[in-house]
Amino acid sequence: MNFIIRLMLAVVFFSFQGVNSDDSVVEKWLLPVDHPLQKKLKSIFRKTTHRKFNSTLMLEAGFSIISRPNTKGVLVATHPGMKDYVFKFYNNRKGTIPEEDVFLQRIVGAESIRQKINESEFVQFAVPKKWIFRVPKKGGHSILIAENMNILPHKKNMKAWKSSAVDVSLITNLYKIIKDLGLNDSVYIDNIPFNKEGKVCFIDTEHYGNWPVPFSRLNGVLGERIRQKWVSLYTEN
């Protein structure tokens, strides 16, 4: 079964290449030229004076960095003039990180999840749309842009996962998505937080097609009745 799912994910990946064989996969997922953010971002970055692309330049451009670098070095930022989006980037001074390859992986993961949600009509879930933006005149660096899903702060999210919002239907459908796609990093509630509209959002979409999934990692954040159902799903199936 895992082989079949991996094959399906591969088909999804290569289907993103489009009908024009001259177009690269990455180019299909660049921020569209007619997107409202294009002019804003180009204008912001052209006004910056800092020569290297890093967090200092991002701060100069008016971004607020809302997370420290994780183990892979990615930072998350917001901008007061673009509140409907979040931005991920690397302090990639030496150019050793293949930024667009990494960002493309996150986009493919998001699109795989979106396809699963839509095909199964799982209305309890959402996943942000994502694009790559090439920073002008800054040494070929790129930024990942994602829709802002209005997720709950950590403490409120923890409370939501123990609340009646997590019912048998939600937990069963969550199990199906994670199991079928091999989302082995989506068993941590910071990666699948509730948003203000009450949906569970898959915001970390880099890891897919990875089995086995450590389902038990979700146990501790669930209420007793739902935890029993969750355990039965991954132990009996």
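This one's a predicted model, so the numbers in the text were calculated from it and none came from an experiment.
H79 places none of its side-chain heavy atoms less than 4.5 Å from the side chain of L41. A heavy-atom distance below 4.5 Å is not found between the side chains of L183 and H207.
Neither I203 nor W161 shares a network with the other; the hydrophobic side chains, linked directly or stepwise wherever heavy atoms of I, L, V, M, F, W or Y lie under 4.5 Å apart, form separate groups for each. A single hydrophobic cluster is seen to contain both L75 and I145, as judged by linkage of ILVMFWY side chains at heavy-atom distances under 4.5 Å, directly or through other members. When the side chains of ILVMFWY residues are joined at heavy-atom separations under 4.5 Å, either directly or via intervening members, M149 and I189 end up in two distinct hydrophobic clusters. In the hydrophobic clustering of ILVMFWY residues, with side-chain heavy atoms under 4.5 Å counting as a link, L37 and M58 come out together. Taken together through direct or relayed side-chain contacts under 4.5 Å among Ile, Leu, Val, Met, Phe, Trp and Tyr, M158 and I151 form parts of separate hydrophobic clusters.
Between the T78 side chain and the V86 main chain, no donor and acceptor come within less than 3.5 Å of each other. A side-chain donor-acceptor contact under 3.5 Å links N157 to the backbone of F194. Remark: the backbone N or O of V76 is paired with a side-chain donor or acceptor of S67 at under 3.5 angstrom. Not a single donor-acceptor pair under 3.5 Å links the side chain of N173 to the backbone N or O of F122. A donor-acceptor contact shorter than 3.5 Å is absent between the side chain of N150 and the backbone of N195. In this structure, R46 contributes its side chain and P136 its backbone to no donor-acceptor pair below 3.5 Å. Side chain of S43 to main chain of K39: no donor-acceptor pair is present (N/O by atom type, distance under 3.5 Å, no hydrogens or angles). When atom types are taken as modelled, the side chain of W211 and the backbone of N184 share no donor-acceptor pair closer than 3.5 angstrom. Under a 3.5 Å cut-off, the side chain of R217 and the backbone N or O of S186 do not form any donor-acceptor pair. Between the side chain of E60 and the backbone N or O of H50 there is at least one donor-acceptor pair closer than 3.5 Å.
Taking the six-membered ring where the residue is Trp, the centroids of H141 and F45 are separated by 6.0 Å or more. Taking the six-membered ring wherever Trp is involved, the centroid distance between the rings of Y175 and F215 falls below 6.0 Å.
Of the options V26, I143, L31, a side-chain contact (heavy atoms from CB on, under 4.5 Å) to R134 is made by V26 and by none of the others. Under the ring-ring contact (aromatic ring centres under 6.0 Å, His included) test applied with F103, the options F87, W131, Y90 reduce to a single match, Y90.
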Given side-chain contact (heavy atoms from CB on, under 4.5 Å), test L174 with W230 step by step and report yes or no. CA-CA 10 Å; L174 176 67; W230 176 251; 4.3 Å; yes
Before you tell me yes or no, could you show the steps for I171 and L222 under side-chain contact (heavy atoms from CB on, under 4.5 Å), namely the whole-Å CA-CA distance, both residues' side-chain angles and the distance that decides it to 0.1 Å? CA-CA 10 Å; I171 212 72; L222 302 174; 4.0 Å; yes
Run the numbers on E100 and S142 for side chain to side chain donor-acceptor pair (under 3.5 Å), then give the verdict. CA-CA 7 Å; E100 292 191 352; S142 297; 2.8 Å; yes
Yes or no on ring-ring contact (aromatic ring centres under 6.0 Å, His included) for H35 and Y85, after CA distance, side-chain angles and deciding distance? CA-CA 13 Å; H35 194 284; Y85 303 90; 5.7 Å; yes
Please test Q115 against E111 for side chain to side chain donor-acceptor pair (under 3.5 Å), starting from the C-alpha separation and ending with a verdict. CA-CA 6 Å; Q115 181 174 318; E111 293 304 314; over 6 Å; no
Apply side-chain contact (heavy atoms from CB on, under 4.5 Å) to the pair R225 and K229, showing each step before the final yes or no. CA-CA 7 Å; R225 183 178 70 88; K229 175 62 178 178; over 6 Å; no
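With values rounded to the nearest 0.5 angstrom, I178 atom CD1 is found 10.5 Å from D180 atom CG.
Closest of all the heavy-atom pairs between L57 and F53 is CD2-CD1, 3.9 Å. Minimum interatomic distance between D167 and I226 (heavy atoms only, all atoms of both residues): C-CD1, 3.7 Å. The shortest heavy-atom contact between P32 and Q38 is O-CG, 3.0 Å. Shown here for E206 and R106, the closest heavy-atom pair between the two residues is OE1-NH2, 3.1 Å. The two residues I132 and L104 have their closest heavy-atom pair at CD1-N, 4.1 Å. The minimum heavy-atom distance between P128 and R114, with the atom names listed, is O-NH2, 3.1 Å.
For E121, the CD atom sits in a loose shell: 12 or fewer heavy atoms of surrounding residues, nucleotides or ligands are nearer than 6.0 Å.
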